[in-house]
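The next block holds one structure in the form of structure tokens; read it before the comments.
Ligands are counted one by one from 1 in listed order, and the atoms in each one are counted from 1 as well.
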Amino acid sequence: MKITFYGAAQEVGRSCIMISTDKAKILLDAGVRPEDNAFPSITDKELREVDAILISHAHMDHSAYLPHAYSRGYRGPTYTTKPTMELMNVLIADYMHLTEPKDVTKEGLDALSKHFKIIDYKKEFQIKDLKCEFIPAGHIVGSALIRVSDGKRSIIYTGDINLTQTRLLEGADLENLKADALITESTYGAKTDIKANEKEQAPLFLKSIKDTILQGGKIIIPSFAVGRAQEILLFLDDYINSGLIPKVPIYVDGMINKTMRIHRHNVIFCRKELQMRILMSDYDPFHSPNFTPIEGRDMRGKIARIQESCIVVTTSGMVTGGPVLYYLTKWGGNSANKLILIGYQPQGTGGRKLQEGAREFEIDKKKVKINLKVETFHMSAHADRKQLELIPKRIKGLRYIYIVHGEPEKMEDLKSAFTSRYRVTIPRIGESYNI
Ligand SMILES: [Zn+2]
Ligand SMILES: [Zn+2]
């Protein structure tokens, strides 16, 4: 089998890896690079020769190249899980709206919607001489590790992976894995990338929220629409119900309302405990009476003018667009208010500027004074360094490791943990390897 890296090579973004034999060519993921919308390095000719695309999960760095691929003449199937397909439909529509790509055609979009093939976890399916399988990856709902085998050799691709249980999901399923090669993400690959656990974080987070509410302040929590938003909402709901956070309204704004519905429809893919809670009681945390969806601009305007304390959970997670900017305009000047960041904030994003103490913020070409408090609590959906080191140990017969989806220094750091036992490569874009 040959592995060719068209993206996520010494970078985070445009994940796209070809696995090929004499008979079959498949792509694992088809993403774009979010900062500059860069595409995988595959040519249109190569793309049209692909037999199938398999998508690990719905994030744009793994799936947003799909409308481009179909507009460039690709007509094969796209295999993925049901939640991933439903989330992609929402996220790709939003991506199209934000980027207005010139190369995407109506025919391409129609073809994309007609070529989805839904696959269950842990059900092998065949593409020519390749046997493929999706395995729960614990990253976001529907996310999968992908195992590919030609009968002689096999490869496991992590996509994005998380080994620890969250409110929403079980950790990745690493039972009985066997493979010759592992292609692993390395987002938090540095020795210093150790996740704080919820037990340590939760009391600090709760105190921070409580203090602001008791002072009559408002809290803005910017979040990604998929995964983080649901985790944080279920977390807030639990603690309001148990009385550890004073009862204030939680307003949910932006795409999160759509993605909440998709999570509810796919609760069968979530953690057992969450399913049981819904099945065995009248309580449905996805429709909690503590949440109020914001519908339309008028309602948003009304909420912005209310005097009482409240919590708003809204997009975008990196404070680069979306309704969060509106709330910042209205509430950013008041030092009683607070903004809580819960995800990684890359250089150049609004979130990072606020984290670094910016006291002025430009929104729609107007300068907004920032007096509100800014705090960060990490709720990562990725494996940390300890977990990344553990993954190869759980795979029987493993000999080769390819490190992708990370910053180059973190990849080097992670590589040093593996070299004594495995043949480890940090591939460059366009490179191919035979196993
Ligand atoms: Zn992801
Ligand atoms: Zn990713």
Set of residues satisfying side chain to side chain donor-acceptor pair (under 3.5 Å) with respect to [X], sequence neighbours excluded:
X	result
Glu389	Arg385
Arg75	none
Lys393	none

Q | Proximity of Tyr79 and Phe125 rings by center, below 6.0 Å | A |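 Yes, the ring of Tyr79 comes within the 6.0 Å limit of the ring of Phe125, centre to centre.
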Q: Determine whether the aromatic ring centres of His62 and His139 lie less than 6.0 Å apart.
A: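 Centroid separation for His62 and His139: 6.0 Å or greater.
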Q: Could you give me a count of protein N/O/S atoms that are under 2.8 Å from the Zn ion (ligand 1)?
A: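 Number of qualifying protein atoms: 4.
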Q | Parallel, tilted or perpendicular, as decided by the 30° and 60° cut-offs, for the rings of His57 and His59 | A |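 His59 vs His57 ring planes: perpendicular.
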